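Quick notes on the structure that follows.
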Amino acid sequence: MTETADSRTRVDRYDPAAIEPRWQQRWEELGLHTTDLHDSTRARYYLLTMYPYPSGDIHIGHWYIKTPTDAIARFHRMHGENVFLPIGFDAFGLPAENAAIKNGINPRDWTMANIANMRRQLRSMGATFDWSAEVVTADPSYYRWNQWLFLRFLEAGLAYRAKSAVDWCPNDGTLAREQVEGTDRRCWRCGAKVEKRDLDQWYLRVTKYADELLDFSEIEFPDPVRTMQTNWIGRSEGGEIDFATAPSEHHPGGATIRVFTTRPDTLFGATFMVLAPEHELVSELTAPDRRAEVEAYVARAARETEIERLSADREKTGVAIGADAINPVNGERIPIYMADYVLAGYGTGAIMAVPAHDERDYAFAQAFGLAIRRVVAAPGEDDAALDGAYVAHTADERLVNSGAYTGLPADEGGRRIVADLEARGAGRAAVTYRLRDWLISRQRYWGTPIPVIHCPTHGIVPVPDEDLPVLLPDTVDYAGSGVNPLTRDEAFLNVPCPVCGEPAKRETDTMDTFIDSAWYWYRYLSPGKQDAPIDDDMVETWTPVEQYTGGAEHAVMHLLYAREFTKMMRDVGLLQQNEPWKKVFNQGQILGVDGERMSKSRGNTQDPDELVARYGADAVRLFLMFMGPWDQGGPWSPSGIGGVHRFLNRVWTVTLDPHGREGGDPDAGKLPAGESATDAAATIRAAAHRTLRDVTEDYQGFRFNTMVAKLMELSNTLYRYRGTEAAGDTEWDEAVRLLLLMLAPAAPHITEELWARRADGSGRAWTSIHTESWPAVDESATRISVREVPVQVNGKLRDRVVVAADATEEVLKAEALASPKVQAILAGRAPDRIVVAGGGKLVNIVVRDA
RNA sequence: GCGGCGGUGCUGGAAUUGGCAUACAGGGCAGACUCAAACUCUGCUGCCCGUGAGGGCUUGUGGGUUCGAGUCCCACCCGCCGUACCA
């Protein structure tokens, strides 16, 4: 042993570039990552991670979500579960078209070339992706089933075509409501200002599921996502109330204006009504002398929604239309206005205005000099002056100035008013949602063609199932940017009507790419299936997905669409389940060194290929896990990766060279003072098993940062004993073995290499470390004979005493009091109380000031 | 405005049910090894006072509960994300 005292390196160095590709190839040859989906002998674990868009390069953000996901997969596999971790590509979408226009190539060629490169990059992670299940959505074998599903939805009345004002991006064309972001209404994809256009478009009837979508009992979302979806769906309870119009010189009256309100209790405070400029009764009700002004306002409102409606102009504008309505509860005549602060698309597009109890109505009443009548008040404030809308809601509020309802609590009064109106047919309880139907039409080439034909005689005719898929033509003529080439592809356009055979035109809209991503994990279970979109048996046994990982940026897009789509598939008889996944986890985002979003234009991107070449995939994986909590993300640190690289080197050294000594340490090779080799062995074993206990919990809770920290501690402990008598003995060997097993899910290559060398060294046949079972904690090993107990006086730490592990409270108290430091602080005072906390974890001596 | 998340050393961050704040890293300083450097190794590193032993302070701010608070309660400040005239 002593002959190694001064030698530095007798074993070869850790060289990830040499070992990583070798093992990746070996695993692939052995088919280690191909899941037998038919195996029913083991528990199934379907682990899904969001498939990437083939933009061209895998970036560090992909590594950040995918490598910890891979660690989860490996951890579960080591627990004997049959793990399925598929991967694919979200291959339709606009960037391919933009690149194609720019370079004069087919979007397909651009996309497929990118996919080829990204497959190579994804393989360099060393992840256990099952490539045999790969799905590429732009392939006809996938998108034909988008079309097939669309036709089922059409039959079931879940898909429909309608004309309405839609959000329109000058670059991307039509957008769904969820795809418009921010106060200034910008496109989620390109950031351009979004306009409104009146268009015939295809919709999916997802509002049907509004209430069901609010029920999260079968899906475990992170809280922020659940909150965002709940707000997005925006359920409001209240009442619908019908106001009749009053007769006037230009109108006989009696028309019904229906309003929705969440505050029926304030009905007596309605002093005017407001219609949205687009409301259908505006024209009919407008008085001749008001018509010019009203029409000018309507025209301006239409233009403003199209051009610019920044929130800066919060000033209330509007015009009186010269007609009155009658308040059904008291017969009062109130004037009707039209204003753009009432939105056509929400509720009924008309409101009863209660300026005393609604801030917007208050501002409008102030601007137009309208009456403000208080009808809700806390006791004693009946006539208190208002300098703004009173919207507080307290338990002791009562209705005032409300006829027969005066004096009732506000809640109860509201309910009684609705009930009484309902009895007269003038109102009813009602619920309104913010959620809209999903607009899926896109005026784009690179997407799934919507499989319908427009016949002059038969109208909209579905493409028969046997004619699917409706293929995208290969030759694409953009003739300048922005226009859908399908609209001038005569061969694509001109088809006979499936009903009458007469000339007809194909639909040229394609589907929102969020359709592709709304069901892809079902297809992973049978990617080659020819006769149906999904394999019923596989879907039945493998879904809902156990765990889904990916970014939170899709909280009200993908993560909502997929839930809606699952419910639609269920309702046309394709699925039994209500939700697509059981649990969803959102990782954070990796930012540039400057703390800003990584982008090529900022020059703050980090290329993973470069890091892999320099430090190896294992170090990159480990560093991404170590930098902080997984759901937090954070700025990229260029220096931090050196730390985990050093750690891996130390793991390498303690495994292969336990007896070596470092020249730089004067105490190298010596046991700590007063410690025997037996003591050292017990310490090593206790450290290993305590680490195993903690690390197991960290993996289960996705706490990869502390998992790595604890493995570092264990390797530091081993390093301290390296070269001593304890190094290389049974306990040491067991600790190294546990260290490698615990590290294997996170750093699969180095652990496989060291595992193989250990087998080699002891003459055992090689088996992969990744097929090993997760080790069991030996609780007896973690127990220790003596422990240090902190002693506080009045809650302040003063000393530590060493006692036997099983010392009684009496012993603890006596030892604590016997401490000289404690005695000095007490200065002769008798303790009032001695608290032994946490089952003997800490002693606190309480003493009052003399 | 509303909703959500967060604020701990120089930096990333750690801290079961309230129980030794700052684990593990990065960076820095000092030393060993080296002709030298890199690599590697060892030690130190929250702030203030003190030569020292030691003492005091410290988890955004101010209060409170408690033997004991980063953790619980109240009020406020700051940052990030979402949302936006939703009746």
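In this text the structure is predicted, and so the values were computed from the model without any measurement.
- The residue A/Thr261 sits close only to the backbone: its heavy atoms come under 4.0 Å of sugar-phosphate atoms, none of a base.
- By the 4.5 Å heavy-atom criterion applied to side chains, A/Ile351 and A/Tyr337 are not counted as neighbours.
- Heavy atoms of A/Gly643 sit under 4.0 angstrom from primed sugar atoms or phosphate atoms, though from no base atom.
- Using a 4.0 Å heavy-atom cutoff across all strands shown, A/Arg650 reaches sugar-phosphate atoms only and no base atom.
- In this structure, B/G68 is classed as anti because its glycosidic torsion departs from zero by more than 90°.
- With hydrogens and angles ignored, a donor-acceptor pair closer than 3.5 Å exists between the side chain of A/Lys316 and the base of B/C85.
- Between A/Phe272 and A/Phe364, the distance from one ring center to the other falls under 6.0 angstrom.
- In this structure A/Asp631 satisfies the side chain to side chain donor-acceptor pair (under 3.5 Å) test with no other residue, sequence neighbours excluded.
- Every pair tested for side-chain hydrogen bond (donor to acceptor under 3.5 Å, both in side chains) that includes a residue from residues 833-846 of chain A fails, sequence neighbours excluded, so the list is empty.
- Under 4.0 angstrom from either OP1 or OP2 of B/G26 there lies at least one side-chain N or O belonging to A/Arg646.
- Within the 4.0 angstrom heavy-atom criterion, only backbone atoms of the sugar-phosphate kind lie near A/Asn716; the bases stay farther away.
- Residues satisfying the side chain to side chain donor-acceptor pair (under 3.5 Å) criterion with A/Arg374, sequence neighbours excluded, are absent altogether.
- Taking only side-chain nitrogens and oxygens, A/Arg798 comes nearer than 4.0 Å to OP1 or OP2 of B/G56.
- In this structure, A/Tyr14 has no side chain to side chain donor-acceptor pair (under 3.5 Å) partners at least two apart in sequence or on a different chain.
- Here the side chain of A/Asn327 pairs a donor or acceptor atom with the backbone of A/Leu267 at under 3.5 angstrom.
- Separation of atoms OG1 (A/Thr653) and CZ (A/Arg13) is listed at 8.5 Å; rounding is to 0.5 Å.
- Residue A/Val259 is out of contact with every strand shown, counting any heavy-atom pair closer than 4.0 Å.
- Atom P of B/U58 sits at a distance of 22 Å from the matching atom of B/G12, rounded to the whole Å.
- Against RNA chain B, the stretch residues 625-633 of chain A makes heavy-atom approaches under 4.0 Å through A/Phe626, A/Met627, A/Pro629, A/Gln632.
- Considering only side-chain N and O atoms, A/Ser236 lies under 4.0 angstrom from the phosphate OP1 or OP2 of B/A87.
- Between A/Lys796 and B/C57 there is a side-chain N or O to OP1 or OP2 distance below 4.0 Å.
- The CG-C1' distance, from A/Asn844 to B/G68, rounds to 6 Å in whole Å.
- Dashed line: the shortest gap from a side-chain N or O of A/Asn705 to OP1 or OP2 of B/A14 is under 4.0 Å.
- At B/C20, none of the side-chain N or O atoms of A/Arg800 fall inside 4.0 Å of OP1 or OP2 (strictly under the cut-off).
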How does RNA chain B read in dot-bracket, base by base from 5' to 3', with Watson-Crick or G-U pairs under 3.5 Å and | used when the partner is on another strand?
-> (((((((..(((......[....)))((((((.......))))))((((....))))..(((((..]....))))))))))))....

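- By the neighbour-count criterion of 12 heavy atoms within 6.0 Å, atom CZ of A/Arg614 is sparsely surrounded, having that number or fewer from other residues, nucleotides or ligands.
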